[in-house]
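This report refers to the structure that appears directly beneath it.
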Number of protein chains: 2
Amino acid sequence: MSAHHNMSIDAWDEIRTAYHVARLGTVSGAAEVLGVHHATVIRHIDSLEKRLGTKLFQRHARGYTATEAGQDLMQVAQATDDQFTQLASRLKGRGDSVTGELVVTSIESLSPLLSPVLAEFQMANPGVTVRFVTGDRVFRLEYGEAHVAIRAGTAPNEPDNVVQRYSTIQIALYASRKYLGGRALPIPEEELPQEKFMGYENMDSRAPFYRWMEDNVPRQNIVMRGSDGRSVKHAIRAGIGLGFMASWEASQYEDLVQVVEPKPEWAAPLWLVTHVDLHRTAKVQAILAHLKSAADSWTLA
Amino acid sequence: MSAHHNMSIDAWDEIRTAYHVARLGTVSGAAEVLGVHHATVIRHIDSLEKRLGTKLFQRHARGYTATEAGQDLMQVAQATDDQFTQLASRLKGRGDSVTGELVVTSIESLSPLLSPVLAEFQMANPGVTVRFVTGDRVFRLEYGEAHVAIRAGTAPNEPDNVVQRYSTIQIALYASRKYLGGRALPIPEEELPQEKFMGYENMDSRAPFYRWMEDNVPRQNIVMRGSDGRSVKHAIRAGIGLGFMASWEASQYEDLVQVVEPKPEWAAPLWLVTHVDLHRTAKVQAILAHLKSAADSWTLA
DNA sequence: ATTGTGATGTGCACTCATGAACAGAATTGC
DNA sequence: GCAATTCTGTTCATGAGTGCACATCACAAT
C-alpha cells in the first residue's frame, strides 16, 4: 500500500502549469510561456482538477478564468515560484562563488602548518566560513564530512575521491641539546639503535619512519611513547631521547638539533583529496589553489 | 526566443524528488515514497544538478547526503510541500462543502421573490457568503460572473450551460380599483383593446405577454411605459390603466384586481441555469436544492 | 573469510506523456 | 454580414521518460 493517506500533491509540475494558466488567463498563453504544447496544458489542468476533485477553471472560448479554488492555487503557486526563483539564484551563485562553509580536515600534526594558510584564505574570501577539523580518525569525504582533506602517507585510492600530490613533509630524527650534551653530529647510523627514543603510541600506522623505528630500534630503547605530536615534541625537548619530527616544526626550536641526515624514505608525502562531486566547484578549486601557492613558499625539503 | 533570461525553475517535480531524497537520505527510499523506480530518482537528481550547475548531493554506496545546496533546497521544498498540502485540503474541502462565495444572478423583477429564499439559504449555511446580483444585462456564467442564474422566458440554450426547468411565473392583467371604478369583472376579452394600458419601455423583449400587448392593443392606448417593474407597478396602482404583473406580486396589494382570466401563454417559465463546470459542486447543488424546495411552497399557478 | 543485505548505477524495451494537425466555436475586424 | 483571428478541444504518431533487469559496491554479521 503506497497510498498517501495524508493527501499531499504529487504533481508539482501540474500546479506550475495551472499557475501560469491562472496568471495568463489562457491555455495558449500558458503553453507558450511553459514551452509546451497547449494540449499538454489542457491535460495537466484536467488531471489536476480530477485529482483535487475541484474545478479550478471555467472554460470558455476566450480562455480559462480561475474559480475561487483556482485563485487560491494561483496565490500559493505564486509564492512557490518566487521561493524557487530565489533558491535558484542562491544555488547558481553558490556554484560559481566561494561562499558558505568550507570544511578542511587533516591529521592533527599538520594543524600548525595549515592553520595560518587557512586563516589567510578566509581573510581573502570573507564570504566563506572555514572549519578546520583535525583528528586521527579519517573524515570521510563521501559522507560530506569535509570538502577537502589533507592526508599524509601513501596515496589514498578510495573511489570517488580525486587525489592530488601536494607537498612533502620532511621528517627527521631530532634531539634536544640537553640530551646530546655536546656530542659530535651527525651520530653514526650504526650507533643509533643504542640511543634512547621517543616513540608513538599507535605505531600501527604505516608511516615509513614508524617502520624504520620498529625495525631498527630495540623495543626497550623506546623509553616513552606519546599519542599525539605535541606530547612527543615536548618529551624530546625535555631531553628524553631521539624522536621523529617534521623538519618545519623542529626548526622552530633552538634547542632541537637534527642528529642524522634524514633518509629520503622517511619523507611523508602529502595528498590533497577531494570528493569528485565537489572537486569542480569554485569553492574547492579556490582553496586548492590557495593551498598549493602556500606550499610553494614553504621550505620543507 | 522562449529562453528564460530570469532563471526560474521549470521542473518542480524534480525539486520534489530531490526534496524526498534529501529528507530520506537514500535514493531507494525516496523512490518508494514517490512511487517511482529508483532509476527515475537518480535521473531527476542528475537533471536538476545539471540545470542548477551545483551538486546537491554527495553520492556514496550508503545513500545520498545533501550538500549545503541540497539542504537549502530541502528547506525550501519542505515549506512548499507544507503549503501544497494545506492547499490540497482547502481545495478538497471546498469541493464537498458549501463555503466561500456563492453568486446568484437574476433579472431585477424577481428580486423580491428570491431575496428571502437566498437569505434563508445563507442562514442555513453560515459558511457561505451569498451575493445576489440583479441587472438587465445577462451575467455570463462561462466567465465566472455567477454560479447560478435564474432566467425567465424561453429556455436558454447556451453551450456549456446546464439549464433546468424551475418554476412558472403566472402573469396576469391587473388594474387598480381606482381605475376600474367598480366595473364588473372580468372585462370581456373583446373590450380589452379599448382600455388604457401601462407598457414597458423595452418591448423588444420576447416575453409572450409583451407580444400579446403589441398585437392586441393599439399603440395609442399604451399611455405610459416604464423601464423597470417597480415603476410599472406604481403606475398601475396609481390608476393609469391595465398592466401586466406577476400574480405573486399583485396579490400583495389590496387595491389591485385581476381584470381577466390569465391566458396560459402569458405565463413566464423560469429556468435555473448553471455552468457545467460548477454544476456538480456541492455548493451549487445545495443552492439548487434550496431554490427548488422554496418553489414548492410558492403558489404561483 | 564469507555470505547476506541494501544501497547506487547502467543498458534496454516499453509505455505514457507529449507534440502536430485538425476541427469547432466565439469574438473581432472590415 | 462575412472573413479573419484566436482561442479550446480531440485524435493520432512519435519520442522522451520510465520501469526492469542486472551489475557493482559497501557495510554488517555470522
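This one's a predicted model, so the numbers in the text were calculated from it and none came from an experiment.
A donor atom on one side chain and an acceptor atom on the other are not found under 3.5 Å apart for T65(B) and Q58(B).
Residue order along DNA chain D, read from the 5' end via each residue's closest nucleotide, puts V27(A) first among T40(B) and V27(A). With DNA chain D read from its 5' end, the first of the two nearest nucleotides for R62(A) and H37(A) is the one closest to R62(A).
Residue contacts shown for H38(B) include a base, since a base heavy atom lies under 4.0 Å away. Note on S28(A): a base of the nucleic acid sits closer than 4.0 angstrom, heavy atoms only.
At a cut-off of 3.5 angstrom, the base of dG9(D) holds no donor-acceptor pair with the side chain of R43(A).
One atom, CZ of R51(B), and another, C1' of dG17(D), lie 13 Å apart when rounded to the nearest Å. Between the CZ atom of F57(A) and the P atom of dC7(D) there is a distance of 16 Å, rounded to whole Å. In this structure, Q58(A) places its CD atom 17 Å from C1' of dG9(D), rounding to the nearest Å. In this structure, CD of E14(B) is placed 13 Å from C1' of dT18(D), rounded to the nearest angstrom. Protein atom CD1 of I42(A) is 13 Å distant from nucleotide atom C1' of dT11(D), rounded to whole Å. I45(A) has its CD1 atom 16 Å from the P atom of dC7(D), to the nearest Å. Look at CG on L34(B): it is 10 Å from P on dG19(D), rounded to the nearest Å. Taking atom CD of residue E49(A) and atom C1' of nucleotide dG9(D), one finds them 14 Å apart after rounding to whole Å.
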- May I have the step-by-step check of salt bridge (Lys or Arg N to Asp or Glu O under 4.0 Å) for R23(B) and D81(B), ending in yes or no? CA-CA 12 Å; R23(B) 190 169 61 89; D81(B) 190 54; over 6 Å; no
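Residue H60(A) places none of its side-chain N or O atoms closer than 4.0 Å to OP1 or OP2 of dA25(C).
Between Y19(A) and W12(B), the two ring planes are parallel [angle under 30°; tilted spans 30° to 60°].
Under a 4.0 Å N-O distance rule, the pair D46(A)/R51(A) does not qualify as a salt bridge.
Within a 6.0 Å radius of CZ in R219(B), other residues, nucleotides and ligands contribute 12 heavy atoms or fewer.
Minimum atom distance to the side chain of R59(A) is reached by dG9(D), of the listed dG9(C), dG9(D), dG19(C).
The bend of the helix from dA1(C)-dT30(D) to dC30(C)-dG1(D), defined by the angle between the axes of its first five and last five pairs, stands at 30° to the nearest 10°.
H44(A) places none of its side-chain heavy atoms less than 4.5 Å from the side chain of R16(A).
Partners of A289(A) according to the side chain to side chain contact (heavy atoms under 4.5 Å, CB included) rule, which considers only residues two or more places apart in sequence or in another chain, do not exist here.
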